[in-house]
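Below you'll find the structure I mean.
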Amino acid sequence: MAEVNGVSQPPISQMLQRARVEAPDVRPGTHGGTAYEVAARCAAGEIDPETMRAELI
């Protein structure tokens, strides 16, 4: 990302840290901020398929 944007790695790291603080990806009571994140957590074995279906609905 740094190379593509023409900057060094530290600014990219700082931007990503700020973005995470300003816009957390996990909504309260769920395991992800998007359907993709919920499905990825299920695929990784972090949540079971039943929990995934409930959160996607």
Side-chain angles (χ1 to χ4, degrees):
M1 287 178 65
E3 184 177 331
V4 169
N5 289 290
V7 298
S8 62
Q9 189 276 332
I12 296 294
S13 179
Q14 291 168 353
M15 286 187 283
L16 291 172
Q17 287 174 343
R18 280 195 311 271
R20 182 127 178 108
V21 170
E22 294 170 8
D25 63 345
V26 179
R27 293 169 294 161
T30 68
H31 291 89
T34 66
Y36 178 83
E37 291 167 353
V38 173
R41 291 180 194 275
C42 182
E46 294 180 12
I47 60 174
D48 58 61
E50 185 177 324
T51 300
M52 177 189 70
R53 279 191 294 277
E55 292 187 9
L56 290 176
I57 292 170

- Task: Mind checking the CD-CD spacing from Glu50 to Glu55? Nearest 0.5 Å is all I need.
- Result: 11.5 Å

- Identified side chain to side chain contact (heavy atoms under 4.5 Å, CB included) partner of Cys42 from the options Asp48, Ile47, Leu56: Ile47

- Item | Contacts of Ala43 that satisfy side chain to side chain contact (heavy atoms under 4.5 Å, CB included) - sequence neighbours left out | none

- Message: Could you measure the distance from the CD1 atom of Ile57 to the CE atom of Met52? Nearest 0.5 Å is fine.
- Response: 9.5 Å

- Query: Considering residues at least two apart in sequence or located in another chain, which fulfil the side chain to side chain contact (heavy atoms under 4.5 Å, CB included) criterion with Glu3?
  - Reply: none

- With sequence neighbours excluded, residues passing side chain to side chain contact (heavy atoms under 4.5 Å, CB included) with Pro10: Ser8

- By side chain to side chain contact (heavy atoms under 4.5 Å, CB included) - contacts of Ile12 (at least two apart): Met1, Ala2, Asn5, Val7, Met15, Leu16

